[in-house]
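Working notes, structure below.
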Amino acid sequence: MKDEFFANAPRVRDAAERIKDFKEVCLGFDAESARAEATRCLGCKNAPCVAGCPVGVKIPAFISLIKSGDIQGAKRTILMDNSLPAVCGRVCPQETQCESACVRGKASRPVSIGLLERLAADNADARPAPAPSNGKRAAVIGSGPAGLSFAGELAANGVEVTVFEAFHKFGGVLVYGIPEFRLPKSLVAKETEALSRLGVRFVKDAVIGKSIMPAQLVKEYDAVFIGTGAGLPMFMGIPGENLNGVFSANEYLTRVNLMRAYDTNADTPVFRAKKAVIVGAGNVAMDSARTALRMGADVTVVYRRGREEMPARREEIKHAEEEGVRFELLTNPVAVNGENGFVKSVTVISMRLGEPDASGRRSPVPVEGSEREIECDMLIMALGTSPNPLLVSAFEGLATGRKGVITVDENGMTNVENVYAGGDAVTGSSTVISAMGQGKRAARAFLKKIKLVP
Ligand code: FAD
Ligand code: SF4
């Protein structure tokens with residue numbers, strides 16, 4: 001059966017069944033659909049899809065190997081450029097990257113590159129072989145996709161790498177933010193285990209800037225990479241935001257995902273709402289909405305722009321709708337109302353989109369006199385994040401820009417010698433693949449510096 005997004009549709013669990021648990025929703029291609037989809041690739045000589053991939057995966061080459069049934073070879077080909085294919089095959093916004101450039105997409109649907117990447121990642125065990133040590137040592141601060149990609153690239157070239165992570169689990173947002181139903185944590189653990197086999201050392205519960213100072217790492221290692229992400233949540237600054245029942249998406253998702261509050265055997269306290277309102281319409285908002293739904297709430301997403309402007313992946317919006325999440329678009333909160341210190345409703349106002357500015361973007365404008373109340377006992381703010389200031393404030397002399405992002409040059413090098421940075425700590429909240437691309441860029445720059453690559 002043809003689907004609105006796919007020529008060959010992946011297997012997806014039924015909405016009525018999947019909202020009862022946190023198990024994975026999309027089950028990917030079976031072998032037959034994968035082969036059929038791979039056959040659709042034209043193997044274009046100029047391969048615009050490759051230019052659309054931030055890490056330059058050799059897309060036609062790996063798809064051609066799937067077509068011929070060589071799944072190990074396909075995975076080996078992907079791993080040359082992307083060390084986390086099982087993750088990227090699941091969460092990358094392919095529709096705005098490689099797939100948006102696919103020639104097939106001009107006349108019909110683009111080749112489902114992400115689903116094919118996932119198939120190869122899940123069904124083959126190919127991994128790069130460990131390289132003998134060259135005596136150089138690197139420290140990585142933060143184990144998100146940026147840090148893991150930096151670590152993988154260096155370890156594959158014989159550099160001894162140690163990753164320091166503040167949390168007790170490795171993977172950054174992949175473990176504490178993105179829910180199990182979209183990215184099983186066992187897969188993230190497999191990716192970090194594969195890096196361990198390459199020789200990467202992982203140190204948990206290590207908050208750099210508190211338990212170990214950055215100056216010590218700079219002294220002891222040949223290179224330091226900062227991949228600390230953007231974990232500081234933003235709020236709206238409206239009345240009532242300090243009431244009980246108002247959460248940042250980060251806190252809510254960390255409790256449920258990393259601290260397993262969805263598991264009734266876990267000790268983590270979590271607010272079990274009857275009616276939740278989620279503010280925002282990015283991936284973080286969709287994850288919060290679908291998590292709150294699975295935790296038993298009736299959920300409404302409130303967003304100040306229209307459907308066209310929603311930044312979340314279209315598949316996540318579709319899945320949220322199928323699961324029963326309601327959307328109040330062109331609507332913005334103006335106050336949170338409480339009773340006895342707890343949230344009881346949110347006052348919202350209707351918005352309209354103004355005239356386009358020079359960049360073509362239309363700003364939302366409040367419609368006077370359109371205020372109304374939405375009853376709720378929980379409000380989750382999913383409005384974006386900025387870099388956590390702890391590491392930066394403890395890193396003497398490190399140059400930063402607006403909202404505390406770390407300033408780097410075109411090679412990911414900071415103003416401090418031998419210190420590199422990448423991912424959300426440099427760009428503000430972005431994507432997994434952009435973070436990985438920056439980790440890889442910095443690793444290549446270091447390898448070039450020590451003359452291990454031309
Ligand atoms: P992070 O993943 O944030 O990792 C940083 C790590 O550094 C963390 O583990 C943190 O604990 C650690 N750290 C911080 N400070 C210190 C310190 N002082 N010492 C030691 N360790 C420290 N992107 C997509 O492409 N697709 C999606 O579908 C998607 N969904 C998302 C859903 C949610 C809920 C969120 C929050 C983000 C989502 N993103 C998605 C964005 C994506 O996850 C991020 O852009 C990406 O993870 C950034 O990677 P990073 O390595 O820069 O940082
Ligand atoms: Fe295949 Fe599309 Fe890339 Fe062409 S652009 S090589 S059809 S995936």
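Worth knowing before you read on, the calculation uses all heavy atoms, side chains too, and leaves out hydrogens, waters and symmetry mates. None of these values were measured; they are calculated from a predicted model. Remember, it's 1-based here, ligands and their atoms both numbered in the order they're listed.
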Purely on distance, is any nitrogen or oxygen of Val432 under 3.5 Å from one on ligand 1? yes
How close does the nearest protein non-hydrogen atom get to atom 18 (N) of ligand 1, and which residue and atom is it? Ile208 O, 2.9 Å
Only heavy atoms of Ile141, strictly under 4.0 Å: list the atoms of ligand 1 that pass. 19 (N), 20 (C)
Just do the salt bridge (Lys or Arg N to Asp or Glu O under 4.0 Å) check on Glu323 and Arg294 with the steps written out, would you? CA-CA 9 Å; Glu323 290 169 6; Arg294 284 163 172 75; 2.8 Å; yes
Could you check which of Leu391, Thr228, Leu390, Asn283 puts a non-hydrogen atom nearest to atom 29 (C) of ligand 1? Asn283
Between Arg118, Arg182, Lys185, which is the residue that forms a salt bridge (charged side-chain N to carboxylate O under 4.0 Å, His left out) with Glu24? Arg118
Are any of the side-chain heavy atoms of Met295 and Phe22 separated by less than 4.5 Å? yes
Counting each atom of ligand 1 from 1 as listed, which ones have a heavy atom of Val207 under 4.0 Å away? 19 (N)
Compute whether any side-chain donor of one residue and acceptor of the other, for Asn8 and Glu32, lie under 3.5 angstrom apart. no
Atoms of ligand 1 close to Gly227 [distance to a heavy atom under 4.0 angstrom, numbered from 1]: 5 (C), 6 (C), 7 (O)
Can you tell me how far CD1 of Ile374 sits from NZ of Lys275, rounded to the nearest 0.5 angstrom? 10.5 Å
Testing the basics here: between Pro214 and Ala394, what is the closest heavy-atom pair and its distance to 0.1 Å? CG-O, 3.4 Å
Compute the shortest N/O to N/O distance between Asn250 and ligand 1 and return yes if it is under 3.5 Å, no if not. no
In this structure, which one of Val207, Thr228, Val419 forms a side chain to side chain contact (heavy atoms under 4.5 Å, CB included) with Ile141? Thr228
Subset of ligand 1 atoms that lie under 4.0 Å from at least one heavy atom of Ala435: 48 (C), 49 (O), 52 (O)
Please determine whether any non-hydrogen atom of Ser430 lies less than 4.0 Å from an atom of ligand 1. yes
Heavy-atom donor-acceptor pair, Glu99 side chain to Gly114 backbone, under 3.5 Å: yes
Determine whether any heavy atom of Ser429 lies closer than 4.0 Å to an atom of ligand 1. no
Only heavy atoms of Gly172, strictly under 4.0 Å: list the atoms of ligand 1 that pass. 2 (O), 4 (O), 8 (C), 9 (O)
Looking at CD of Glu251 and CE of Met259, how far apart are the two atoms once the value is rounded to the nearest 0.5 Å? 11.5 Å
Protein residue, atom and distance nearest to atom 31 (C) of ligand 1, heavy-atom basis: Ile178 CG1, 3.7 Å
Atoms of ligand 1 close to Gly144 [distance to a heavy atom under 4.0 angstrom, numbered from 1]: 2 (O), 4 (O), 6 (C), 51 (O)
Specify side chain, backbone, both or neither for Asp287, according to which of its non-hydrogen atoms lie closer than 4.0 Å to ligand 1. side chain
N/O of Gly147 under 3.5 Å from N/O of ligand 1, yes or no? no
Tell me the protein heavy atom at minimum distance from atom 10 (C) of ligand 1, and give that distance in Å. Glu165 OE2, 3.5 Å
Please say whether Asp424 places an N or O atom under 3.5 Å from an N or O atom belonging to ligand 1. yes
Closest non-hydrogen atom pair between Met436 and Ser149, with its separation: O-OG, 2.7 Å
Checking a contact table here: which protein heavy atom is nearest atom 51 (O) of ligand 1, and how many Å away? Ala146 N, 2.9 Å
List the atom of Ile78, the atom of Pro85, and the distance in Å for their closest heavy-atom pair. CG2-CB, 3.8 Å
Note: heavy atom closest to atom 28 (O) of ligand 1, options Arg182, Lys204, Arg313, Met286, belongs to Arg182
Quick note on ligand 1: atoms under 4.0 Å from a heavy atom of Ala206 include exactly 19 (N), 20 (C)
Could you work out, with side-chain hydrogen bond (donor to acceptor under 3.5 Å, both in side chains) as the rule, every residue matching Lys58, not counting sequence neighbours? Asp81
Under 2.8 Å from atom 3 (Fe) of ligand 2, the protein N, O or S atoms, given as residue and atom: Cys49 SG
Relative to ligand 1, is Glu316 under 4.0 angstrom through side chain, backbone, both or neither, heavy atoms considered? neither
Using distance alone, determine whether Ala166 and ligand 1 share an N or O pair under 3.5 Å. yes
Hey, are the side chains of Val159 and Arg137 touching, using non-hydrogen atoms and a 4.5 Å cut-off? no
Would you say ligand 1 has an N or O under 3.5 Å from any N or O of Val173? yes
Tell me whether the NZ or CZ atom of Arg314 lies within the 45° cone about the ring axis of Phe5 and under 6.0 Å from its centre. yes
Identify, with sequence neighbours excluded, every residue that meets ring pair (Phe, Tyr, Trp, His ring centres under 6.0 Å) alongside Phe271. Phe247
So, does Met436 sit close enough to ligand 1 that a heavy atom of it is under 4.0 Å from the ligand? no
Where do Asn123 and Lys75 land on the side chain to side chain donor-acceptor pair (under 3.5 Å) test, with the steps shown first? CA-CA 9 Å; Asn123 293 288; Lys75 183 164 179 183; over 6 Å; no
For Tyr420 together with Phe225, are the ring centres under 6.0 Å from each other? no
Short list, please: which atoms of ligand 1 are under 4.0 Å from a heavy atom of Phe164? 20 (C), 21 (N)
Give a yes/no verdict on whether any heavy atom in Asn388 is under 4.0 Å from an atom of ligand 1. no
When you compare the side chain of Phe202 with that of Leu148, does any pair of heavy atoms fall below 4.5 Å? yes
Say whether Ile433, considering both its backbone and side-chain N or O atoms, lies within less than 3.5 Å of an N or O atom on ligand 1. no
Should Gly209 be listed as contacting ligand 1, given a heavy-atom distance under 4.0 Å as the test? no
Can you name the residues that form a ring pair (Phe, Tyr, Trp, His ring centres under 6.0 Å) with Tyr221, not counting sequence neighbours? none
Is it true that a side-chain atom of Asn415 and a backbone atom of Leu398 form a donor plus acceptor pair closer than 3.5 Å? no
Just distances here: any N/O of Gly423 and N/O of ligand 1 closer than 3.5 Å? no
